[in-house]
Protein chains: 2
Amino acid sequence: MLGVLADAGFSDTRARRAVVSALCESRTGVTPGLLLQQARVRHAGLGQVTVYRTLEILERLGLVRKLHQEDGCSAYAPASSGHGHPVICRKCRSTVEYDGCAIDSVLRDVSARTGYRVESHWLELFGVCPACRRNE
Amino acid sequence: MLGVLADAGFSDTRARRAVVSALCESRTGVTPGLLLQQARVRHAGLGQVTVYRTLEILERLGLVRKLHQEDGCSAYAPASSGHGHPVICRKCRSTVEYDGCAIDSVLRDVSARTGYRVESHWLELFGVCPACRRNE
DNA sequence: TTACTTGCAAAAACTTTGCAGGCGC
DNA sequence: GCGCCTGCAAAGTTTTTGCAAGTAA
């Protein structure tokens, strides 16, 4: 992810490395506040503002995606590919991406029923991850 | 919508009528701030806090749904039925609901590929409404 | 060196809470 | 009349902005 940043013309700084590492190590979505805490383990002097600014860059480059959850819409998770949808465990919050978007038939149905020409969509899935299922 | 409020044990007050009317008349999603402006046409003394509190009730009763858009996640739109998905015009912002959720096959695919047991989902669609298509 | 980055502090925006008075029933 | 409801004011939270100092290239 740092490589992509460099390719896009952004400097390789200690602050950004700390944010990116913390983000990638987290198996769940992280809010800017939590990300600050976790990234400070690597770079004690890190400021909240830099976290916001780094997230903004990463989002613009498509490297992270915002998660929208019951308790807020400010969490971010790494985005594996151009088009994907987060699948979130409601027990442990672990988050993975679903890429094989087999949703075309749904889009056609929406178009047919509403008259809207559908150009994009946003899908998020909630459930229970394999590990949590084993502990049920 | 006011009837449902009464049935659920809430008083029929002037403030709530103003909020509900303004919400129903709007063909797009409305934020709490905008809703205050529009509802004050009917009830000049209305306060922002009451708008928040009314929206909270309506959401709990399933009468309104939150919209998540590029520019924020605090807009609300009337919810037609138990399970539906908003379809939003990116030009005029007009918003309708798509109810015929033909998405089961997608959910099965997600389950198969990620191992997560999918229990619920959240889908939002963006495109161009019939009226805006005619003006293109 | 030069331009991009950073972190602090302050401001702004948004949402929630406490409370005395008002209103529906 | 009782208890729910309201609006103001204040507090809390989150995010953005301005700016001087620091750092990558």
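On a predicted model such as this, the values are computed, not experimentally measured, just so you know. Quick note on labels: first sequence line is chain A, next is B, and so on, each numbered from 1.
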Hey, mind stepping through B:H85 and B:D99 against side chain to side chain contact (heavy atoms under 4.5 Å, CB included) and telling me if it holds? CA-CA 6 Å; B:H85 301 290; B:D99 287 359; over 6 Å; no

What's touching nucleotides 23-25 of chain C from the protein side, N or O pairs under 3.5 Å?
unit_1 : atom_1 : unit_2 : atom_2 : d
C:dC25 : OP1    : B:D12  : N      : 2.9

dist B:L35:CG -> B:T50:OG1 (nearest 0.5 Å) comes out at 11.5 Å

What's the closest nucleotide to the A:T50 side chain, out of C:dG7, C:dT17, C:dT5? C:dG7

Please state whether the phosphate of C:dT6, meaning OP1 or OP2, lies under 4.0 angstrom from any side-chain nitrogen or oxygen of A:R16. yes

Roughly how many Å is it from CG in A:L5 to C1' in C:dC4, rounded to a whole number? 14 Å

For B:H68 and B:W122, I'd like to know if the aromatic rings sit close, meaning centre-to-centre distance below 6.0 Å. yes

What nucleotide among C:dC8, D:dT6, D:dG7 has an atom nearest to a side-chain atom of B:H43? D:dG7

Give the rounded distance in Å between these two atoms: CZ of A:R53 and C1' of C:dT6. 7 Å

Is it the case that the side chains of B:Y116 and A:S94 hold a donor-acceptor pair, with the cut-off being a distance below 3.5 Å and no angle test? yes

Between the side chains of B:R42 and B:E25, is the shortest nitrogen-to-carboxylate-oxygen separation below 4.0 Å, so that they form an ion pair? yes

Atom pair CG/CZ of A:L2 and A:F10 - distance to nearest 0.5 Å: 13.0 Å

Using the rule that Ile, Leu, Val, Met, Phe, Trp and Tyr join whenever any side-chain heavy atoms are under 4.5 Å apart, tell me whether A:L23 and A:V4 fall into a single cluster. yes

Whole-Å distance, A:L34 CG to D:dT15 P, equals 13 Å

Kindly calculate the angle separating the two end axes of the helix from C:dT1-D:dA25 to C:dC25-D:dG1, each obtained from five base pairs, and round it to 10 degrees. 40°

Of B:E124, B:R90, B:R93, which meets side chain to side chain donor-acceptor pair (under 3.5 Å) against B:Q69? B:R93

Euclidean distance, atom CG of residue B:L46 to atom P of D:dC5 [Å, nearest integer]: 15 Å

Salt bridge flag under 4.0 Å for residues B:R117 and B:E119: yes

Could you write out each protein N or O paired with an N or O of nucleotides 10-16 of chain C at a distance under 3.5 Å?
unit_1 : atom_1 : unit_2 : atom_2 : d
C:dT15 : OP2    : B:Y52  : OH     : 2.4
C:dT15 : O5'    : B:Y52  : OH     : 3.2

Rounded interatomic separation in angstrom, taking CD from B:E56 and P from D:dT6: 12 Å

Can you check the A:R40 CZ to C:dC8 P distance for me, whole Å? 7 Å

Rounded to whole Å, CD1 of B:I57 lies from P of D:dC4 at a distance of 13 Å

Taking NZ, NE, NH1 and NH2 as the nitrogens, is one of them in B:R113 or B:D109 under 4.0 Å from a carboxylate oxygen of the other? yes

Would the number of heavy atoms belonging to other residues, nucleotides or ligands and lying under 6.0 Å from CZ of B:R27 be above 12? no

